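Predicted model only: the values in this text are computed from it and were never measured.
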Amino acid sequence: MQGRLSAWLVKHGLVHRSLGFDYQGIETLQIKPEDWHSIAVILYVYGYNYLRSQCAYDVAPGGLLASVYHLTRIEYGIDQPEEVCIKVFVPRKNPRIPSVFWVWKSADFQERESYDMLGISYDNHPRLKRILMPESWIGWPLRKDYIAPNFYEIQDAH
């Protein structure tokens with residue numbers, strides 16, 4: 001079943017794939033990494049002016065990584081704002097997605113966390129570096145094929 005936004009994107013010749021609706025009835029769309037930045041700008045102009053959240057996950061060991069964006073269309077006088085979920089899948093070998101920091105500033109720390117935990121590089125992000133793990137940390141802790149080090153150092157335990 002095609003949602004309202006998906007129908008609008010088709011009407012305007014914008015490539016995407018509808019993934020249906022979640023349990024709350026929020027439309028979910030898949031966008032290719034190379035199309036994501038231009039579609040993000042179009043969605044902002046269309047009225048999706050609020051990035052509610054951005055997260056990422058490992059689809060399967062050795063498989064794809066996904067970056068997920070929850071966008072909201074906030075308008076004055078509307079009790080129930082329109083929402084959409086966008087998923088961008090990338091290969092784990094060279095996971096690169098255009099950053100949407102310049103579209104929604106709230107993507108700053110969220111994209112940095114996805115980089116830190118899963119190793120997804122967000123092109124043109126102004127400060128893409130680790131945010132939770134030490135800069136010297138090796139690997140991406142939330143990947144399903146991550147092998148945790150067999151030692152843990154407790155610092156400042158007193």
Can you list the steps and then say if Arg52 with Glu83 is a side chain to side chain contact (heavy atoms under 4.5 Å, CB included)? CA-CA 9 Å; Arg52 182 178 296 247; Glu83 297 181 47; 3.7 Å; yes
Looking at [Y], is its backbone amide N or carbonyl O close enough to the side chain of [X] to form a donor-acceptor pair, meaning the two atoms are under 3.5 Å apart?
X	Y	value
His37	Asp35	no
Asn124	Pro98	no
Asp58	Lys144	yes
Arg130	Asp116	yes
Glu111	Val100	yes
Trp140	Tyr115	no
Lys87	Val68	no

On the six-membered ring of Tyr122, is Arg96 placed so that its NZ or CZ lies under 6.0 angstrom from the centre and within 45° of the ring axis?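 No - Arg96 does not lie over the ring of Tyr122 by the 6.0 Å and 45° rule.
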When you measure from the centre of the six-membered ring of Phe109, is the NZ or CZ of Arg112 under 6.0 Å away and within 45° of the axis?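 Yes, Arg112 sits over the ring of Phe109.
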May I have the step-by-step check of side chain to side chain contact (heavy atoms under 4.5 Å, CB included) for Leu19 and Leu29, ending in yes or no? CA-CA 5 Å; Leu19 299 177; Leu29 304 175; over 6 Å; no
Quick one: does [X]'s side chain get under 4.5 Å of [Y]'s, heavy atoms only?
X	Y	value
Leu43	Ile86	yes
Met117	Arg143	no
Ile42	Tyr44	no
Arg127	Asp108	yes
Ser99	Asp123	no

Can you confirm whether or not the ring centre of Trp104 sits under 6.0 Å from the ring centre of Tyr69?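 When the ring centroids of Trp104 and Tyr69 are compared, they turn out to be at least 6.0 Å apart.
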Any carboxylate oxygen within less than 4.0 angstrom of a Lys/Arg side-chain nitrogen, looking at Lys129 and Glu135?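 A salt bridge is absent here (no side-chain N lies under 4.0 Å from a carboxylate O).
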Establish whether [X] and [Y] are linked, either directly or via other cluster members, by ILVMFWY side-chain heavy-atom contacts under 4.5 Å.
X	Y	result
Leu118	Leu132	yes
Ile97	Phe89	no
Leu71	Leu14	yes
Ile31	Leu64	no
Ile39	Phe101	no

Looking at [X] and [Y], what are the two nearest heavy atoms and their distance?
X	Y	value
Ser6	Ser18	OG-CB, 3.9 Å
Ala40	Val103	O-CG1, 3.9 Å
Arg92	Ala60	NH1-O, 3.4 Å
Ala56	Ser114	CB-OG, 3.5 Å
Val59	Ala66	CG2-CB, 4.2 Å
Pro81	Arg73	CB-O, 3.4 Å

For Arg4 and Glu27, what are the C-alpha separation, side-chain angles and deciding distance, and is it a salt bridge (Lys or Arg N to Asp or Glu O under 4.0 Å)? CA-CA 8 Å; Arg4 211 169 90 169; Glu27 186 175 11; over 6 Å; no
Report the C-alpha separation of Val10 and His16 in whole Å, then their side-chain angles, then the decisive distance to 0.1 Å, and conclude whether the side chain to side chain contact (heavy atoms under 4.5 Å, CB included) test is met. CA-CA 8 Å; Val10 167; His16 70 287; 3.5 Å; yes
Separation between [atom1] of [X] and [atom2] of [Y], rounded to the nearest 0.5 Å:
X	Y	atom1	atom2	result
Gln24	Cys85	CD	SG	11.0 Å
His70	Tyr50	NE2	OH	12.0 Å
Leu142	Glu113	CG	CD	8.0 Å
Leu51	Ser106	CG	OG	4.0 Å

For the pair Gln110 and Ser53, evaluate side-chain hydrogen bond (donor to acceptor under 3.5 Å, both in side chains) and give the outcome as yes or no after the intermediate values. CA-CA 7 Å; Gln110 296 175 62; Ser53 69; 5.0 Å; no
With a 3.5 Å cut-off and no angle check, do the side chains of Tyr48 and Glu82 form a donor-acceptor pair? yes
Inspect the surroundings of NZ in Lys105 and state if more than 12 heavy atoms from other residues, nucleotides or ligands are less than 6.0 Å away. yes
When the ring planes of Trp8 and Tyr46 are compared, do they come out parallel, tilted or perpendicular, using 30° and 60° as the limits?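 Taking Tyr46 first and then Trp8, their aromatic rings sit tilted (interplane angle of 30° to 60°).
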